[in-house]
Structures are given as structure tokens and as C-alpha cells.
Protein chains: 2
Amino acid sequence: MPRRSTKRYHHGDLRKALVEGALRLLETRSPAELSLRSVARLAGVSPNAPYRHFESKDALLAAVAEEGFRRLATVTAAAKGPPRKRLAQMGAAYVRFATENPRLYGLMFGPVLSGWERYEGLVAAGDASFAVVVEAVAAATNTDPKRASRDAILAWSAVHGYAMLAIDGHLGSCPAKELPPPEELVRIIDTR
Amino acid sequence: MPRRSTKRYHHGDLRKALVEGALRLLETRSPAELSLRSVARLAGVSPNAPYRHFESKDALLAAVAEEGFRRLATVTAAAKGPPRKRLAQMGAAYVRFATENPRLYGLMFGPVLSGWERYEGLVAAGDASFAVVVEAVAAATNTDPKRASRDAILAWSAVHGYAMLAIDGHLGSCPAKELPPPEELVRIIDTR
DNA sequence: ACATCAATGTGTACACTGTCCACACACCGT
DNA sequence: ACGGTGTGTGGACAGTGTACACATTGATGT
């Protein structure tokens with residue numbers, strides 16, 4: 001059994017430690033302020049150690065964003081109830097995730113991670129989280145798959161935009177009472 | 001009259017040159033890749049010259065984003081026609097602006113500019129561009145101002161989210177034919 | 001049990017960044 | 001003519017991402 005108290009040369013599971021450390025740092029620092037070296041320091045390891053697990057800083061950020069998408073999918077998939085209500089609750093859960101993890105969400109979607117298409121796992125996790133929305137929309141609207149896919153994009157746009165505006169404080173000028181509740185966002189697919 | 005050919009010690013209007021240079025660089029580089037020094041180089045000036053006009057790199061970026069909001073307001077305000085149609089065209093113009101200037105748009109809304117609230121002119125320009133949306137929504141829905149403001153937030157969310165997803169390529173997996181046209185986004189305020 | 005090796009971590013180094021400081025130049029009103 | 005104030009330069013510093021050479025380790029085959 002590995003000892004924890006004495007400093008060992010090998011870390012054990014540095015990869016996971018780095019991702020978790022970056023997630024912790026994202027609770028307070030913005031992704032732009034997050035340096036690879038600070039993540040390494042937090043893990044108690046030299047500045048170059050991360051390069052044994054990630055080919056670049058972007059690759060680390062991609063892994064972090066991937067974890068973010070997994071968590072997002074978990075949160076949204078947890079919405080229950082009859083299809084229509086479930087969809088509304090899913091939207092609310094989505095917005096809640098974004099506003100509770102603003103910097104992580106910004107990393108997942110923002111321009112910080114410019115070449116995200118290169119990271120296969122990230123793409124897969126993103127697609128999976130979108131699939132949750134598509135499925136819920138399809139169940140709520142009861143139309144053909146093609147139409148459901150288009151409606152899902154609309155719903156996703158509304159929820160994503162609302163979340164982004166809320167995160168960046170662009171909704172801050174309105175008193176909270178006058179903000180439309182996130183549940184209303186699904187009205188975008190209401191018209192038949 | 002100032003000569004242009006010989007290199008002068010004083011630039012003439014460096015502030016404007018820096019903002020325009022940064023806008024040009026944003027056509028090819030992402031905001032995260034844009035360095036203050038490269039902007040200075042493009043203007044043919046020493047690395048520190050910008051500090052006579054902007055107190056920090058963020059201040060320069062804020063000025064660039066401000067110009068972006070002014071252009072966005074111009075583009076959206078140019079939408080004409082009967083209120084309902086005008087709103088739809090405004091949404092389309094908004095999305096077009098975002099997709100044609102993806103990196104500028106990302107700077108305006110993304111997490112790159114973390115403390116945007118500190119830059120007064122930027123806030124004003126952002127509010128002005130939002131006011132265009134509110135006014136158009138109010139004209140199209142014909143309800144009380146409070147309701148119109150809420151609806152404007154919904155519409156803005158939808159359009160903003162759609163633009164963001166399009167910019168970041170998250171809509172790329174769908175064939176373009178199956179994408180909902182941006183005009184449909186205003187359906188979010190369709191239900192009465 | 002032991003040598004060996006690939007995996008994993010360290011140290012040094014480099015170019016580049018944002019920003020601070022002291023200095024240089026050039027246009028302005030007096 | 002001149003001095004001062006706004007504007008640009010040069011050098012410096014800490015911090016960054018990353019490349020390269022080296023060190024340490026745990027697992028593996030004999």
C-alpha cells in the first residue's frame with residue numbers, strides 16, 4: 001500500500017490529480033488565469049511533470065472540459081417527470097450547472113479552448129451531453145427525428161445563450177424578479 | 001502637414017491605430033493568442049507605447065470589444081420591415097455578425113475579458129446594443145415594457161446561444177440543410 | 001533474486017509575455 | 001526662445017509554455 005505522508009518520487013495517479021486540481025482552481029480563477037505550472041504546483045510536482053500525461057496545456061484543459069461535459073450530462077439526465085415538464089426542468093438544471101460552475105462552463109464552450117475538435121474524448125463527451133437534450137426534446141414534441149434534432153438545436157441555443165449571459169453578468173442589470181425563469185426557455189419549441 | 005513616408009517619433013493617432021490593429025489581428029488570431037506586443041509591432045511602435053493610451057492589455061481589449069458592440073448595434077438596427085418580420089431579420093443579422101466576426105464576438109462575450117464591468121464605455125456600448133433588441137421586441141409583441149424586457153432577454157438568449165454554438169463549431173456536425181434558420185429563433189417569444 | 005527497461009518525474013534553458021522604471025524626443029503656450 | 005507636458009523608447013523582471021537531457025522508479029523476464 002502506498003504511503004501518503006512521505007514524498008514519493010512517483011505520484012501514483014498524477015493524471016487524475018492534475019484534472020482535479022485544475023477543476024479546483026477553476027472554482028476561483030478564470031481559465032485564462034489558470035497556468036499549467038500552478039496546476040503542477042498544486043499537485044506538488046515539477047512544472048514539466050504534466051507533460052508525461054498531456055501533450056500540452058490545451059490537452060489538459062480539454063480533459064478538464066471533457067469532465068465538465070460528463071458532469072453536465074449527468075445533471076441534465078437526472079431530470080424526471082412527464083416529457084414536457086421534464087424538458088423544462090432539464091433546462092433549469094442546465095442553467096443551474098452553468099451558473100454554479102461558471103468558469104468551467106466558460107472553458108467548455110468559450111474561445112479559450114480553440115482547437116477542441118482535435119480532442120476526441122472531448123468531442124465524444126460533448127456529443128453525449130447534446131444527445132441527452134435531443135432525446136428529451138424528441139420525447140416532448142413527438143415529431144420525426146429530423147424535426148426533433150432541429151428543435152433540440154433551438155432549445156439548446158436558448159438555454160446555452162441564457163446561461164452564457166447569466167454567467168458573464170449581462171443579465172445582472174435586471175433585478176432578479178424580472179428575469180424570465182429558465183423554464184420559459186423551452187417555449188422556443190412550443191409552437192406547433 | 002505630417003509626412004507619412006519618413007518614420008516619425010510621434011505616431012499621430014496611436015490609440016485608434018492600436019484598436020484597429022487589434023481588430024485586424026482578431027480576424028485571424030483568437031483573442032487568447034493576441035498579444036499586446038504584437039499589436040504594438042503591427043502599429044510599428046515599441047512594446048510599451050500602448051501604455052500611454054491604455055492602462056493595461058485588458059483596457060485595450062475593452063476598447064476593441066466596445067467598438068465591436070457599436071458595430072453590432074449598427075448591424076442589428078439596420079433591420080427594416082414590419083415589426084414581426086423586422087425582429088426575425090434582426091436575429092438573422094445578429095447571427096451573421098457573430099459568425100462573420102467570430103473572434104471579435106468571442107471577445108465581446110467570452111470569459112477572456114473577465115472584469116468588463118470596470119470599463120464604463122464598454123458597459124454603455126453593450127447596453128446600447130441590447131436596447132436595440134428590447135425596442136424591436138417591444139414593437140413586435142405590443143405588451144407592457146416589463147413583459148417586453150423579459151421577452152427580449154429570451155430572444156437575446158436564443159440568438160446569442162445560437163451564435164455561440166455556431167461560432168464554436170458545435171453545430172458543425174449537422175449538415176447545414178438541417179440547421180434551423182436563425183429566423184426561427186424568434187419563435188421563443190411567439191406564444192401568447 | 002536480480003538485471004533491465006519503459007514509464008514517470010526533475011532540472012535547466014529559451015523565447016515570449018505583461019508590466020514597471022528611467023530616459024528621450026517633440027510639440028505647446030508663454 | 002524656452003520650458004513643460006504628452007508621447008514613444010530601451011532595459012529589466014517575474015511568470016509562462018514548452019523542449020531537451022537526465023534521474024528515479026516499479027514492473028517484467030529470466
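Throughout, a chain's letter reflects where its sequence line sits, starting with A, and its residues are numbered from 1. Here the structure is a predicted model, which means the values were calculated and not measured.
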Handout entry: Salt-bridge present (A:Asp144, A:Arg150; N to O < 4.0 Å)
Key = no
Would you mind reading off the distance between [X] atom [atom1] and [N] atom [atom2], rounded to a whole angstrom?
X       : N      : atom1 : atom2 : value
A:Tyr51 : C:dG9  : OH    : P     : 15 Å
A:Leu25 : D:dT16 : CG    : P     : 12 Å
B:Glu33 : C:dT17 : CD    : P     : 12 Å
A:Phe54 : D:dT18 : CZ    : C1'   : 16 Å
A:Leu14 : D:dT24 : CG    : C1'   : 15 Å
B:Leu18 : C:dG18 : CG    : P     : 13 Å
A:Lys57 : D:dG15 : NZ    : P     : 16 Å

Problem - Validation row: A:Phe97, A:Leu104 side chains within 4.5 angstrom (heavy atoms) - result: yes
When you measure from the side chain of [X], which nucleotide among [options] comes out closest?
X       : options               : value
B:Ser35 : D:dT18, C:dG9, C:dT17 : C:dT17
B:Arg52 : C:dC21, D:dT18, D:dG8 : D:dG8
A:Asn48 : C:dG9, D:dG8, D:dC20  : D:dC20

Practice task
Ignoring backbone atoms, establish whether A:His53 has a side-chain N or O less than 4.0 Å from OP1 or OP2 of C:dG9.
Solution key: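 Affirmative; the distance criterion is met.
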Practice task
Kindly say if A:Arg41 contacts the phosphate of D:dT16, meaning a side-chain N or O under 4.0 Å from OP1 or OP2.
Solution key: yes
Practice task
For B:Trp156 and B:Tyr94, test the side chains for any donor-to-acceptor distance below 3.5 angstrom and give the result as yes or no.
Solution key: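 Note: B:Trp156 and B:Tyr94 side chains meet the donor-acceptor criterion.
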Exercise for the section: Could you tell me if the ring centre of B:His160 sits under 6.0 Å from that of B:Phe130? Expected result: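 For B:His160 and B:Phe130, the ring centres are not under 6.0 Å apart.
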Handout entry: Sub-6.0 Å ring centroid separation between A:Phe109 and A:Phe69
Key =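 When the ring centroids of A:Phe109 and A:Phe69 are compared, they turn out to be within the sub-6.0 Å range.
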Completion exercise
Between A:Glu55 and B:Ser46, the residue closer to the 5' end of DNA chain D by nearest nucleotide is B:Ser46
Exercise for the section: Hey, which sits more toward the 5' end of DNA chain C by its nearest nucleotide, A:Pro47 or A:Arg37? Expected result: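 The residue mapped nearer the 5' terminus is A:Pro47.
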